[in-house]
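What follows is a single structure, written as structure tokens, with notes after it.
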Amino acid sequence: MQSISPEIIFRGNYAWQKSLPQITKLTKSPLILGRGIQTNNLRNNIFNDLKNQKLNVNSANLQFDCCYEDISRVKNIISNNNNDCVIAAGGGKVLDSGKYIADSLNIPCITVPLSASTCAGWTALSNIYTKDGQFIKDVALGSCPKILVFDHKFIQTAPSRTLASGIADALAKWYESSITSSKIDDGLVQQAIQISRVLRDQLLIDGGKAFKGQFENHPSWQNTVEACGLTAGLVGGIGGEKCRTAAAHAIHNAITQIITPNKFLHGEIVGVGLLLQLRLEEMKNNNKLADQSIKQLFVLMKELNLPTTIGQLGINVFENNNLEKIADFTCRDKSEIHFLPFEINKRDIIEVISNFEQQKIKT
Ligand SMILES: [Zn+2]
């Protein structure tokens with residue numbers, strides 16, 4: 001079974017208002033799930049709009065991440081209130097929690113992304129973390145959300161940092177799926193990989209412009225936010241589980257194991273993982289184009305103000321055994337790193353990271 005996309009998608013300016021008749025058909029008593037205070041106003045508007053539709057609405061906020069503590073607390077709130085639907089309004093962690101909770105209670109989920117930081121509003125997947133943000137695992141859900149509301153007016157209110165993070169995460173689709181899955185003899189997987197290549201090209205062309213022109217209704221901005229929030233999800237939907245992630249996400253998951261005072265966004269960490277993946281490909285797979293790809297990505301990442309080393313994520317890999325810890329988690333049995341078409345061991349990871357952290361990329 002494969003769930004390719006949400007059943008209904010509303011997109012563009014005022015998509016939220018346009019979605020209300022459909023939402024009222026689906027639910028009489030929704031729970032709005034959110035998190036940060038920065039998005040409180042938006043969620044209050046969503047709450048009031050639903051109240052005006054005579055729905056019996058209540059709300060809950062995550063205290064931490066998409067973690068089991070928050071998930072079970074919110075599930076209790078839903079059982080006590082008899083909610084018949086979860087409306088997850090926020091970034092990737094909120095969307096992932098909302099989808100997971102709805103799936104486990106067998107009620108529909110409506111996703112309302114409030115930034116373009118991930119494609120979590122689209123996919124039938126939730127990443128589970130500890131309370132402190134350490135990656136535990138990803139869970140495949142029964143289906144994509146029932147309704148996805150991708151309202152550009154909402155997305156415009158998000159900090160530009162979230163857009164940069166979404167661009168890095170969406171760029172990884174091509175570099176990861178093309179190396180893990182290009183030999184798979186399945187037409188849909190091949191087509192998903194090609195969509196991810198077009199997606200990358202579009203982000204290389206429009207990403208920088210979109211980052212600068214976020215305040216406007218600029219076509220580059222619209223294309224870029226939809227590329228990150230929608231097309232990246234479509235690639236995952238069509239490609240299914242065969243269209244896999246690889247080193248960029250495996251290294252992301254390992255980096256999250258080290259708890260730091262300042263938290264970084266998913267895509268910000270994936271971007272660093274992506275540069276490291278390309279170095280691994282150069283070292284272990286004789287990929288002669290890897291260096292060129294690194295330089296190309298590096299220029300865009302600098303333009304987007306994205307971190308490009310683990311040091312810039314607030315972690316000194318040469319202290320506290322951090323390098324060993326990252327290499328251990330990257331190479332654990334269940335890691336996506338083993339989807340690479342060549343063998344990787346701990347020593348390779350240590351070598352590639354220590355060289356990388358000390359080098360200067362010349363563009
Ligand atoms: Zn990702």
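- A donor-acceptor pair under 3.5 Å is formed between the side chain of Ser126 and the backbone N or O of Asp96.
- With Asp70 contributing its side chain and Gln63 its backbone, the two residues share a donor-acceptor pair below 3.5 Å.
- Across all their heavy atoms, Asp103 and Ser143 have their closest contact at OD1-N, 4.3 Å.
- Residues Leu163 and Leu304 fail the side-chain proximity criterion, which asks for heavy atoms closer than 4.5 Å.
- Side-chain contact annotation: Thr27 with Asp84, donor-acceptor N/O pair under 3.5 Å present.
- Interatomic distance, Gln194 CD to Ser177 OG, rounded to the nearest 0.5 Å: 9.0 Å.
- Residue Phe329 holds its CZ atom at 10.5 Å from NE2 of His252, rounded to the nearest 0.5 Å.
- Note: Ile251 CD1 to Leu276 CG = 4.5 Å, rounded to the nearest 0.5 Å.
- Summarising the geometry, atom OG1 belonging to Thr39 is positioned 7.5 Å from atom CG belonging to Asn61; distances are rounded to the nearest 0.5 Å.
- Between Asn127 and Cys66 there is no side-chain heavy-atom pair separated by less than 4.5 Å.
- Tyr68 is not listed as a side-chain neighbour of Tyr129, based on a closest heavy-atom distance of 4.5 Å or more.
- Judged purely by distance below 3.5 Å, without hydrogens or angles, the side chains of Asn322 and Asn316 never pair a donor atom with an acceptor atom.
- In this structure, Lys284 is not positioned above the aromatic face of Phe342 in the sense of NZ or CZ being under 6.0 Å from the six-membered ring centre and within 45° of the axis.
- Atom CD1 of Ile310 and atom CD of Glu357 lie 4.5 Å apart (nearest 0.5 Å).
- Using a distance-only test at 3.5 Å, with no hydrogens or angles considered, no donor-acceptor pair links the side chain of Asn285 to the main chain of Asn287.
- For the pair Leu55 and Thr24, the minimum side-chain heavy-atom distance is below 4.5 Å.
- Side chains of Arg73 and Asn76: no donor on one and acceptor on the other come within 3.5 Å.
- Salt-bridge annotation for Lys212 and Glu303: present, with a side-chain N of the basic residue lying under 4.0 Å from a carboxylate O of the acidic one.
- For the pair Ser181 (side chain) and Ser178 (backbone), a donor-acceptor distance under 3.5 Å is absent.
- A donor-acceptor pair under 3.5 Å links the side-chain atoms of Gln312 to the main chain of Thr308, judged by distance alone.
- Using a 4.5 Å heavy-atom cutoff, the side chains of Pro113 and Leu95 are in contact.
- Using a 4.5 Å heavy-atom threshold, the side chains of Leu297 and Leu275 count as touching.
- Put simply, the side chain of Lys99 reaches to within 4.5 Å of the side chain of Thr123, judged on heavy atoms.
- Two residues are said to be in side-chain contact when any heavy atoms from C-beta on lie closer than 4.5 Å; Arg43 and Ser59 fail this criterion.
- The number of heavy atoms from other shown groups lying within 6.0 Å of OH (Tyr14) does not exceed 12.
- Here the side chain of Asn80 pairs no donor or acceptor atom with the backbone of Ile77 at under 3.5 angstrom.
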**Message:** Between Ser104 and Lys75, does the side chain to side chain contact (heavy atoms under 4.5 Å, CB included) criterion hold? Intermediate values first, please.
**Reply:** CA-CA 9 Å; Ser104 59; Lys75 275 167 82 171; 3.4 Å; yes
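- Geometrically, Arg161 engages Phe264 in a cation-pi contact defined by less than 6.0 Å to the ring centre and at most 45° from the axis.
- No donor-acceptor pair closer than 3.5 Å links the side chain of Gln292 to the backbone N or O of Leu289.
- Using bins of under 30°, 30° to 60° and over 60° for the plane-to-plane angle, the ring pair Trp16/Phe154 lands in the tilted bin.
- Side-chain atoms of Trp122 come within 3.5 Å of backbone N or O of Ile4 as a donor-acceptor pair.
- If you take OG1 on Thr309 and CD1 on Ile353, they are separated by 11.0 Å, rounding to the nearest 0.5 Å.
- Within a 6.0 Å radius of CZ in Arg11, other residues, nucleotides and ligands contribute 12 heavy atoms or fewer.
- Smallest separation of non-hydrogen atoms from Tyr175 and Leu274: CB-CD1, 3.4 Å.
- Put simply, the side chain of Asp151 never gets that close to the backbone of Asn13: no donor and acceptor are under 3.5 Å apart.
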**Request:** List the steps, then state whether salt bridge (Lys or Arg N to Asp or Glu O under 4.0 Å) holds for Lys295 with Asp291.
**Result:** CA-CA 6 Å; Lys295 286 177 177 153; Asp291 191 54; 3.1 Å; yes
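- At a cut-off of 3.5 Å, with distance as the only test, no side-chain donor of Lys209 or Thr224 sits close to an acceptor on the other residue.
- Remark: Glu69 does not engage Lys131 in a salt bridge, criterion side-chain N to carboxylate O under 4.0 Å.
- No path of Ile, Leu, Val, Met, Phe, Trp and Tyr side chains, each step under 4.5 Å between heavy atoms, connects Leu42 with Val86, placing them in separate hydrophobic clusters.
- In the hydrophobic cluster analysis, where Ile, Leu, Val, Met, Phe, Trp and Tyr join through side-chain heavy atoms closer than 4.5 angstrom, Ile87 is grouped apart from Tyr100.
- When hydrophobic clusters are built by joining Ile, Leu, Val, Met, Phe, Trp and Tyr residues whose side-chain heavy atoms come closer than 4.5 Å, directly or via intermediates, Leu199 is grouped together with Phe211.
- We find that Lys263 and Asp65 are joined by a salt bridge, their nearest charged nitrogen and carboxylate oxygen being less than 4.0 Å apart.
- In the hydrophobic clustering of ILVMFWY residues, with side-chain heavy atoms under 4.5 Å counting as a link, Ile350 and Ile337 come out together.
- Under the 30°/60° scheme for interplanar angles, the aromatic rings of Phe150 and His152 are found to stand perpendicular.
- Remark: the backbone N or O of His249 is not paired with any side-chain donor or acceptor of Thr245 at under 3.5 angstrom.
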